4 protein chains.
Amino acid sequence: MSPVSDPSAGTRERIISAAREEFAQFGIDGARVDRIARKAAVNKAMLYYHFHSKELLYEAVVKEFFLGVVERLRSHIEAFENLEQALAELAETHAQMVKQAPGIVPILLRELANPQSNLCEWIAGAIGGSGITSIAEQRLDEAVRSGRFRKIEIRQAMISFITMSLGYHLMAPLVDRVWNVTDREVFVRERKAAIVDLFLNGVKVKPI
Amino acid sequence: MSPVSDPSAGTRERIISAAREEFAQFGIDGARVDRIARKAAVNKAMLYYHFHSKELLYEAVVKEFFLGVVERLRSHIEAFENLEQALAELAETHAQMVKQAPGIVPILLRELANPQSNLCEWIAGAIGGSGITSIAEQRLDEAVRSGRFRKIEIRQAMISFITMSLGYHLMAPLVDRVWNVTDREVFVRERKAAIVDLFLNGVKVKPI
Amino acid sequence: MSPVSDPSAGTRERIISAAREEFAQFGIDGARVDRIARKAAVNKAMLYYHFHSKELLYEAVVKEFFLGVVERLRSHIEAFENLEQALAELAETHAQMVKQAPGIVPILLRELANPQSNLCEWIAGAIGGSGITSIAEQRLDEAVRSGRFRKIEIRQAMISFITMSLGYHLMAPLVDRVWNVTDREVFVRERKAAIVDLFLNGVKVKPI
Amino acid sequence: MSPVSDPSAGTRERIISAAREEFAQFGIDGARVDRIARKAAVNKAMLYYHFHSKELLYEAVVKEFFLGVVERLRSHIEAFENLEQALAELAETHAQMVKQAPGIVPILLRELANPQSNLCEWIAGAIGGSGITSIAEQRLDEAVRSGRFRKIEIRQAMISFITMSLGYHLMAPLVDRVWNVTDREVFVRERKAAIVDLFLNGVKVKPI
DNA sequence: GATGAATGAGATTTCATTCAT
DNA sequence: AATGAATGAAATCTCATTCAT
């Protein structure tokens, strides 16, 4: 609630940062331009000087936010050649992302909920453009061709892993209550192992 | 946009139905009381007569909506003793639910996004209360004890299946674009088989 | 400045009346919605309830205003068969109109000044639709055919009379200063005779 | 909309010129300082550096504009001794002025509409100071004294001619629609003759 | 002379909610 | 149960003007 943005940062950055918080907490409709300005310690008119409208400010926030996230994802992933490690790393990255940039979860959720969202399109483009998915696809493809993995549908498999990993973080407020998860920190650590285990076992060719 | 509710239905029902649409499309903050009243073909004051406030109307809508859904879930699930069938049926039920009550997805997403939501709590209660999870838990437990399944963490396994199934529906607007899903109908059908296959393979004890 | 509208009048009427004053004094851009609401002794939101926007309120005001004026013009004119009397009556009506509905002059002036005005079109339609001009045209035509008037261009003649009569009222703030008109009341009385005299002399066939 | 002012012209001139356009189109209340600056291709602050306020800029524009116009009027008029020619020339000058400096009409109209305008006073002074009216008055006076013209009220006559000539240009958006003037160019040419004819016939002593 | 950023006051409009009937 | 009109508070956005450089 109090002004959180670094006052030495540029005005534009302070606004973006304050807006990110506000949009994360309240969504675009619930967000209040007044509050954003106050948090950013700028005159309300400055918002409009820099971003023209609440809507465009929102877009700027989301795009900047996801660009950063996607970049981090990409740089984390590509280092790994070993698929087992890569999966673990992916799950770990999801967890860290959620922890370090918590605003991204509600923002993403609300975009998923918005039937007119053109930002989903944009986000998909950013993810696709980063090459993450094609790297993953290649690795899985190799594993299947080499006979290490069963003849699974690769696309479905990728989506399964993503939903198990990221999907949990999105659904956590509900899942945690239904399954009585009390210490999320611990749970997430265990989950990382559990989903890699499930996935690999589900996918690998059985001996004999 | 046009009044959709059956005008012969009771006023209360017409309002609930119009409100469900509105809240699904716009969320609670984006929803407009005027629009709801117009869609329901009632005077705005009537809406307050029956529901006291936008907030309470929202709660009424959500609770009624989820009660129905949970009830349907439960009735579908409990019939099955065979776990393989039950999993397939669960995935199928998720798919049908999304198709027949499409408003539920955005509403759920926005509740997940709302940090102060006490409705998540309520929904979790409804799900827990329905006994679905405990039935599932028992079955998995038996399977592990009997040695058919590996010694997995049951809770994580359940969550993994749910996220693979329901999680996809929540994340579809993004996932479909990233992985270029064009015919969702077909994709969902294939997915049902894929996740049951992955799950069972991932979970079963391997033959020597 | 003080609330002038009859508080017993209907809300809509009070708003129209207050708005007429405001628009006459300040023009649409200079007008303030706050002031209109205060003058009409209504809540600002009422303006929007009844008229949707400042722009539409303005249109409503102008249309209502001119309809009244045109109607008065028409009823005054058509009584006269004698053309001399009709001209005098027209000049008199212009003078009375300006006196009794003073707001109409600035409003008309500003519409004339507005290149995008579609209200000028509308006003022209209202005038044309009232039949005033065609009555006038017929009478002049008869006078020319009968040989009482010279073979003048009727359209130019009509416009000449109108500009001499109404045009003075529009240009009065300037004309009065240039020609040092101090008592406008007297001046207007004299002018009525002067323009009828000039017009008839200018138009009539000269006795050999 | 695009910057129209000659960029090689001095800053001050560019601002004046852009402002003239803007004020002509929108009036002082509708004019936007931003737009003027953009059209003049200068920084907004520059505008304040040179003119101190929107109001003063407006005054500067109007005064410069009308000084030019009055000067042109005067130089055109005084050459003529023959009154018939002088009248024709006056009408012609009005027409040219409107064509060459079209912004002047809306500006004048809005000043006429503004009850607090002190610019009307100033314009009247400029016109009076130029001597146009006194020249005209003398000539008419001579004509009456010499017996060529009837004993008309000279002031009314002058105003009648001015309103017939200039008044048409002010009221053209309305008049053209009411009387279905489609080719204004042609109409204005014919009008010049028509009003001189009407005026002289209206004013001259009839033979016997 | 010139600029980009900043500001305060206020403009129009919106919206959940209530009142009188 | 039902309505049209009314309301207050607040929302978004605008705009003339000024400051720091």
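Below, chain A is the first sequence line, B the second, and so on; all start at residue 1. These figures come from a predicted structure and were not determined experimentally. Note that these values count all heavy atoms, side chains included, but never hydrogens, waters or copies made by symmetry.
Judged by closest nucleotide on DNA chain F, C:R12 is the one of C:R12 and A:A31 placed further toward the 5' end.
Side chain of D:Q25 to backbone of C:P115: no donor-acceptor contact under 3.5 angstrom is found. The backbone N or O of D:A24 lies less than 3.5 Å from a partner atom in the side chain of D:R110, making a donor-acceptor pair. Without hydrogens or angle criteria, C:R14 side chain to C:A40 main chain gives a donor-acceptor distance under 3.5 Å.
Here the P atom of nucleotide E:dT13 and the CD1 atom of C:I15 are 14 Å apart, to the nearest Å. Separating the CZ atom of D:R38 from the C1' atom of E:dG4 is a distance of 15 Å, rounded to the nearest angstrom. For the pair C:L57 CG and E:dA11 C1', the computed distance is 15 Å after rounding to whole Å.
Atom CG of B:L109 sits about 9.0 Å away from atom CG of A:L108, to the nearest 0.5 Å. Atoms CZ and CD1, from D:F65 and D:I123 in turn, are 10.5 Å apart once rounded to the nearest 0.5 Å.
Comparing the P positions of F:dA20 and E:dG1 gives an interatomic distance of 22 Å, to the nearest angstrom.
Distances shorter than 4.0 Å separate some side-chain N or O of B:R32 from OP1 or OP2 on E:dA16.
If you check residues 43-53 of chain A against DNA chain E, the residues with a heavy atom closer than 4.0 Å are A:N43, A:K44, A:A45, A:M46, A:Y49, A:H50, listed by number.
Along DNA chain F, read 5' to 3', the first and last nucleotides having any atom under 4.0 Å from a heavy atom of chain C are F:dG4 to F:dG8.
Here the options are B:R35, B:K39, B:R32, the test is salt bridge (Lys or Arg N to Asp or Glu O under 4.0 Å), and the partner is B:E21; only B:K39 passes.
Consecutive Watson-Crick or G-U pairing (both distances under 3.5 Å) extending over three or more pairs maps onto DNA chain F as E:2-21 with F:2-21.
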